[in-house]
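To start, the structure under review is shown below, and the notes come after it.
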Amino acid sequence: MTEYDITFAEVLRGRMATYQFLSRLFRVEVDQELLDTLMTMKFPANTGNELVDEGYRLMCSYLGKADAAVLTDLAVDYVRAFIGSGNDGFSAAYPYESVYTSPKRLMMQDARDEVLVLYHAAGLDKQESWKEGEDHIALELEFEQILIERALTALEQGEDETCLNLLLQQRNFLEDHLLAWYPMMAHDLQKFPNTDFYRGLGKLTSGYLRNDFEFLTEVLEDNGVLAGDAVEEREVAEGVA
């Protein structure tokens with residue numbers, strides 16, 4: 001690979017790690033292993049994105065004051081933030097695209113079917129242990145992680161066109177799905193949690209997704225992918241054409 005490719009590969013690895021990190025935080029409560037990792041992490045203080053910086057600050061501040069009951073407190077707050085106590089669709093920051101894109105805020109609606117088609121087109125099936133809907137925020141973030149991993153492999157193998165098509169898929173998924181609904185969930189994550197940890201996670205994720213979309217847009221524009229034949233490129237990337 002060229003020096004540029006090596007540098008870009010490092011960028012892809014960083015993106016992949018961030019999506020994996022965010023997916024894990026939304027997937028299930030914090031356990032001891034994750035807590036140990038969080039307590040040793042160095043959170044950036046000045047990324048240039050106010051939401052990302054505020055998110056990191058809130059999470060770091062919470063962890064810095066954590067006591068022996070931190071795992072219990074976070075487990076209780078996970079339930080409060082993402083599961084809630086009601087069934088009206090307005091009692092928590094429900095982590096499903098369908099809830100935020102269906103008129104009656106119901107799960108397992110059109111958004112779930114849409115992402116399921118994309119997962120299957122990419123040759124992916126969810127694990128049997130996963131009992132939630134496919135439009136759960138954790139799975140959508142993991143899908144981005146998988147696409148990045150594939151783009152990295154293509155880059156390392158010198159398959160530049162494949163890499164660009166995978167970057168286009170990532171941008172399209174952000175635009176059509178994550179950024180189309182997550183900002184509403186992020187708003188709810190400022191209302192329902194009691195801890196700054198999950199309020200911070202809401203801000204961090206919101207800022208990061210927007211940053212990543214802008215990054216992908218710039219890279220694709222620089223490589224001519226979003227120029228005149230953008231629609232055709234998009235269809236090819238998604239396996240439609």
Side-chain angles (χ1 to χ4, degrees), residues 1-28 30-31 33-34 36-38 40-44 47-49 51-53 55-56 59 95 97 115 118-127 130 134-179 182 186 200-223 225-226 237-239:
M1 294 192 297
T2 66
E3 184 176 344
Y4 171 81
D5 289 339
I6 293 172
T7 301
F8 192 65
E10 288 302 314
V11 173
L12 293 183
R13 290 190 185 95
R15 293 179 59 234
M16 189 166 60
T18 300
Y19 275 104
Q20 182 179 34
F21 173 67
L22 294 175
S23 176
R24 170 60 186 86
L25 288 173
F26 282 109
R27 182 180 296 269
V28 70
V30 174
D31 58 16
E33 181 180 2
L34 178 57
D36 291 342
T37 299
L38 289 167
T40 59
M41 286 180 62
K42 292 184 178 180
F43 293 93
T47 66
N49 182 292
L51 280 174
V52 171
D53 291 346
Y56 277 132
M59 295 173 74
E97 183 176 351
V115 297
L118 293 176
Y119 298 162
H120 286 168
L124 300 172
D125 290 307
K126 70 177 183 179
Q127 298 178 351
W130 180 258
E134 288 84 353
D135 59 338
H136 191 286
I137 181 67
L139 287 194
E140 294 198 0
L141 292 168
E142 185 178 358
F143 184 54
E144 286 285 334
Q145 173 200 333
I146 291 169
L147 293 179
I148 297 168
E149 184 176 10
R150 292 180 178 181
L152 176 60
T153 298
L155 179 67
E156 292 174 337
Q157 294 177 350
E159 300 172 358
D160 293 347
E161 184 175 353
T162 298
C163 179
L164 287 172
N165 280 337
L166 285 161
L167 294 179
L168 183 59
Q169 289 183 57
Q170 294 161 40
R171 180 188 180 277
N172 291 342
F173 192 76
L174 277 170
E175 182 176 34
D176 296 341
H177 292 282
L178 282 163
L179 286 174
Y182 179 75
L201 175 60
K203 290 178 178 289
L204 165 61
T205 305
S206 188
Y208 182 76
L209 293 179
R210 174 53 56 182
N211 261 3
D212 200 45
F213 179 79
E214 293 173 355
F215 164 76
L216 289 168
T217 298
E218 181 178 352
V219 170
L220 292 166
E221 286 178 345
D222 288 347
N223 284 274
V225 177
L226 293 181
E238 293 179 346

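Note that the structure is predicted; figures quoted are calculated from it, not measured.
Q170 places none of its side-chain heavy atoms less than 4.5 Å from the side chain of L174. With contacts defined as side-chain heavy-atom distances shorter than 4.5 Å, the pair L124/L118 does not qualify. Taking 4.5 Å as the limit, every side-chain heavy atom of T205 sits out of range of all side-chain heavy atoms of L51.
When all heavy atoms are compared, the tightest approach of Y182 to L201 is OH-O, 3.9 Å. Contact between G207 and V52 at its shortest, heavy atoms only, is C-CG2, 3.5 Å. What you find for G202 and A186 is that their closest heavy atoms are O-CB, 3.9 Å. Heavy atoms only, all atoms of each residue included: W130 and A138 are closest at CH2-CB, 4.4 Å. Across R24 and V30, no two heavy atoms sit closer than the pair NH2-CA, 4.2 Å. Smallest separation of non-hydrogen atoms from N211 and N49: OD1-ND2, 3.1 Å.
With values rounded to the nearest 0.5 angstrom, L209 atom CG is found 7.0 Å from L22 atom CG. For the atom pair NE2 (H177) and CG (L141), the distance works out to 13.0 Å, reported to the nearest 0.5 Å. The structure places CD1 of I137 at 11.5 Å from CG of L25, a figure rounded to the nearest 0.5 Å. Of the inter-residue distances, the one linking L139 atom CG with E97 atom CD reads 12.0 Å to the nearest 0.5 angstrom. Interatomic distance, I146 CD1 to M16 CE, rounded to the nearest 0.5 Å: 11.0 Å. To the nearest 0.5 angstrom, L166 atom CG is 10.5 Å from L152 atom CG.
Atom CD of E218 sits in a sparse spot, with 12 or fewer heavy atoms from other residues, nucleotides or ligands closer than 6.0 Å.
In this structure E10 satisfies the salt bridge (Lys or Arg N to Asp or Glu O under 4.0 Å) test together with R13, sequence neighbours excluded. Scored by the side chain to side chain donor-acceptor pair (under 3.5 Å) test, T162 finds no partners at all (sequence neighbours excluded). In terms of the ring pair (Phe, Tyr, Trp, His ring centres under 6.0 Å) criterion, residue partners of F143 (sequence neighbours excluded) are, by chain and number, Y119, F173. The salt bridge (Lys or Arg N to Asp or Glu O under 4.0 Å) search around R210 returns none, not counting sequence neighbours. Partners of D160 by salt bridge (Lys or Arg N to Asp or Glu O under 4.0 Å), not counting sequence neighbours: none found.
Evaluation of the salt bridge (Lys or Arg N to Asp or Glu O under 4.0 Å) test over residues 135-153, restricted to residues two or more places apart or in two chains, returns R27-E142.
Under a 3.5 Å cut-off, the side chain of S23 and the backbone N or O of Y19 do not form any donor-acceptor pair. The backbone N or O of V219 sits less than 3.5 Å from a side-chain atom of N223, completing a donor-acceptor pair.
For the ring pair (Phe, Tyr, Trp, His ring centres under 6.0 Å) criterion with Y56, the lone passing option out of Y208, F21, F43 is F43. For the pairing with L167, the side-chain contact (heavy atoms from CB on, under 4.5 Å) check across I148, L12, V225, L147 returns one residue only, L12.
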Take L216 and L168 through the test side chain to side chain contact (heavy atoms under 4.5 Å, CB included) and record every step on the way to the result. CA-CA 8 Å; L216 289 168; L168 183 59; over 6 Å; no
